[in-house]
Amino acid sequence: MRAFKRFDIVAGISTSLLLFALLATYFYSHAQKENTLSTERQLNRHAQSVIAIKTDLLSIRELEKEYLLRPQAQHAEQLSAQLSSTISNTISGEIYSSQISRADVLNSLQTYQGAVSDTVRLVSDLGLDHNSGLQGKFRRAAHTAEALFDELQDDFLQAELMYLRRHEKDFILRLDAAYRTQFINRMGALRSAVFERPISAQQKQRLLSHLNTYEQSFILWTEHRMRLVAVTEMSDATFTNLTRYFDRITSTLLAKAQALETQRRKAVITSEVSLLLAGLMGTAFCLMLLRLVFQQRRLANEITALAQHDTLTGLSNRRGFAVQLEADLRLRTTGPDTLILGLVDLDGFKSVNDVYGHGAGDLLLRKAARRMQQILPKGTFLARLGGDEFGLITHFDANENEIRALGHSICAALKQPFFLKEGVARISGSIGFTVARADDVDMSALVERADYALNYSKEHSMGEPVLFSNHHERAIEHARELERIMINAHFEDELDIMFQPIVNPVSGAILGMESLARWNSTMAGTVPPSDFIHLAEKLGKINEITQVVLKKTLHVAREWPSDIFISVNLSAMDVASDEAANRLIKTVHASGVPPQRLVFELTETMLMQEFDRTNAILDRFRALGIGIALDDFGTGYSSLSYLQHMKIDRLKIDRAFIADIDTNATSQQVLDGIIQLCANLNIDCIVEGVETESQRKIITQSGAMLAQGYYFARPVPNSELQALLSKKNAA
Ligand code: C2E
Ligand code: CA
Ligand code: CA
């Protein structure tokens with residue numbers, strides 16, 4: 001019993017011990033498991049905090065760059081908001097170890113914040129965000145100096161100034177103090193050059209005083225600019241520091257995670273830690289990706305800016321202009337505001353390009369843009385819409401006279417000679433304006449009106465600004481009305497044909513007849529060809545008109561003496577497709593008039609399009625014996641090259657050359673030259689627009705064999721033609 005008891009006690013103790021051991025082991029391993037799990041959770045939290053803060057840092061950098069690129073208050077606000085939130089995240093984040101204290105990171109962040117607010121202050125001191133600041137002052141001084149030198153027309157001084165501006169640009173581009181020194185030295189040289197030039201003391205005084213303003217504002221601006229560089233360098237340094245801290249935190253976390261994993265492998269617990277490890281490893285990858293994403297976004301921003309930017313003049317381009325106009329129109333609806341839209345087109349720019357080359361043309365465009373910028377009211381948005389076309393948006397409460405006055409001053413500025421390396425260029429400008437109305441909500445109507453005014457200026461008043469008016473509105477309405485009428489017109493009934501003889505200017509004998517269309521509309525009255533031909537081309541009605549004219553002409557021509565040729569005007573669309581050509585050929589055949597008696601007149605503007613196809617169609621006409629005449633010769637740009645490339649049988653010298661022939665010796669020489677050229681090329685030459693006896697005399701002296709004009713006969717209906725034919729031929 002005692003032994004049993006002892007055994008019992010031993011067994012009890014042993015069992016208890018075993019139980020205890022088991023329990024202890026159980027609890028120990030459970031605690032271990034719990035412990036690992038909580039370490040794991042903590043690590044996870046830390047990793048997440050680190051990722052969040054690192055992402056924040058990258059955003060800060062992006063915002064900072066964005067702000068420096070486009071220094072606007074809105075970007076500065078975003079930047080400081082992001083900074084504050086990052087600072088509060090670092091305070092609440094549980095990520096610090098004995099190696100990296102929260103104080104270190106906060107300290108760095110605050111230094112960074114200081115640098116950023118210095119930047120913001122400097123940017124606003126520099127006036128980078130508006131034109132009235134230091135930058136604006138400096139730019140204006142440079143432009144005024146340039147304008148003064150332009151005025152002086154002194155090549156040497158202009159070249160000196162150009163060097164100066166190059167140093168200035170070099171500095172802006174590279175922010176290197178060396179260029180600043182070069183600028184200052186060069187300015188000294190320019191000053192002494194001004195002293196030595198043979199110009200009046202007063203002019204010298206004026207130039208020197210502007211050069212002083214230019215230099216001083218340059219020095220001030222560059223000084224600030226260098227300070228800005230210093231500040232941004234400082235923020236660069238702190239940023240690098242901060243990233244280093246967080247990189248260190250990341251590696252500590254990684255080491256911990258690895259230790260945990262080793263422990264786990266021994267204890268064979270859950271594999272969550274490998275997820276954590278992957279997460280931490282992924283952090284580096286994510287950050288890399290993030291960086292890429294940000295870079296991409298910045299690039300996209302820059303591309304957008306570029307896409308709205310005209311690299312040649314530094315102005316906005318057409319797209320930027322549209323964006324601005326839309327925005328301004330939208331803003332206008334929230335309050336009363338005058339919005340004036342102007343379109344400017346340079347006249348004579350093409351010749352500058354042709355004569356002096358594209359480099360000179362580019363420089364002229366830059367100079368023209370600058371001249372306009374100088375005289376436009378403050379806050380005007382100027383853009384280059386493409387080629388030699390500019391657009392401006394301005395908001396000033398101006399009456400019509402003031403708008404016209406603005407236009408006049410732009411025109412006057414453009415008329416000033418441009419001094420280019422290649423020579424002196426002179427151009428002018430046409431301008432159309434329109435004022436936005438209360439109901440203008442989208443820009444298309446506005447642009448359409450300004451465009452109409454611009455075209456009006458081009459066609460009717462070279463160099464005179466035109467403001468879209470009620471009168472133009474009515475003209476547009478009239479044109480629309482005419483359009484509606486034309487769409488329903490029945491040309492077979494409504495077209496009358498007039499005939500104008502083409503004669504021998506010496507004998508007066510009638511050699512040919514040109515048919516000229518007249519539209520007697522039942523709805524619109526008598527419409528001159530200058531109005532309806534163009535409209536018919538626009539509405540696609542011209543083929544029908546040509547058909548009717550050709551058919552009616554050939555119908556009456558059968559009655560004429562068989563040695564008289566018949567000239568009919570064609571339009572571009574008549575030679576644009578085989579179908580149109582087929583219809584004409586069919587009409588010719590059906591008429592029974594020998595095709596050899598027929599001449600088709602074409603103007604060079606129509607030949608410009610689709611050169612090869614047009615030539616192929618003309619060949620088909622020619623194969624039938626139909627002659628081809630080049631009408632209005634000399635009014636286009638490259639009349640001579642057409643003679644070279646197209647097989648032309650005759651040429652009609654435009655009446656512009658004849659109008660002043662008895663007073664203008666040059667016109668006479670041009671006429672002589674063309675007649676000689678035709679003789680050499682063995683083609684006929686018809687002189688158009690002869691109105692007086694003295695003109696007749698001069699052209700016969702030049703050797704003209706064919707002529708046309710009111711002096712010989714006005715266009716007449718067929719009924720009067722018979723009399724004319726018998727009279728002239730009898731004489
Ligand atoms: P165009 O082919 O150059 O025709 C000559 C124009 O000059 C005619 O004007 C004629 O009346 C006018 N003219 C003739 N001699 C003199 C003169 O001595 N002094 C002045 N100041 N003018 C003179 P019209 O009939 O008004 O025609 C204008 C233009 O319309 C024509 O210029 C031609 O391009 C076009 N056109 C006329 N009929 C047709 C047609 O049936 N088809 C096509 N496609 N165009 C036509
Ligand atoms: Ca003609
Ligand atoms: Ca003509």
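We number each residue from 1, following the sequence as shown. Just follow the structure's listing: the first ligand is 1, and inside any ligand the first atom is 1.
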Worksheet item: Below 3.0 Å, any N, O or S contact between S567 and the Ca ion (ligand 2)?
Response: no

Worksheet item: Is there a protein heavy atom at a distance of less than 4.0 Å from atom 19 (N) of ligand 1?
Response: yes

Taking NZ, NE, NH1 and NH2 as the nitrogens, is one of them in [X] or [Y] under 4.0 Å from a carboxylate oxygen of the other?
X	Y	answer
E477	R474	no
K697	D662	no
R484	E481	yes
R655	E691	no

Could you tell me if any non-hydrogen atom of [X] lies under 4.0 Å from any atom of ligand 1?
X	answer
Q708	no
T546	no
M498	no
S530	no

Worksheet item: Hey, is CD on E473 packed in by over 12 heavy atoms from elsewhere, all under 6.0 Å?
Response: yes

Side chain, backbone, both or neither: which applies to [X] and ligand 1 if a contact is any heavy-atom pair less than 4.0 Å apart?
X	result
D632	side chain
N569	both
D631	side chain
R714	neither
V549	side chain
P715	side chain
R518	side chain
Q500	side chain

Item to complete: Measure from the Ca ion (ligand 2) to every N/O/S atom of E514 and report the name of the nearest one.
Response: OE2

Worksheet item: Which atom, counting only N, O or S, brings D631 closest to the Ca ion (ligand 2)?
Response: OD2

Worksheet item: Within E688, is some N, O or S atom less than 3.0 Å away from the Ca ion (ligand 3)?
Response: yes

Discussion item. When you measure from the Ca ion (ligand 3) to the N, O or S atoms of E601, does any of those distances fall below 3.0 Å?
Written reply: no

Worksheet entry | Proximal atoms of ligand 1 relative to E688 (non-hydrogen, under 4.0 Å) | 3 (O)

Worksheet item: Which atoms of ligand 1 sit under 4.0 Å from any heavy atom of L570?
Response: 44 (N)

Discussion item. For S667 and D660, which I'm curious about, is there any donor-acceptor pair between the side chains at under 3.5 Å?
Written reply: yes

Item to complete: Just go through L516, T553, I497 and tell me whose heavy atom is the nearest to atom 10 (C) of ligand 1.
Response: L516

Worksheet item: Of K652, R650, E601, which meets side chain to side chain donor-acceptor pair (under 3.5 Å) against S567?
Response: E601

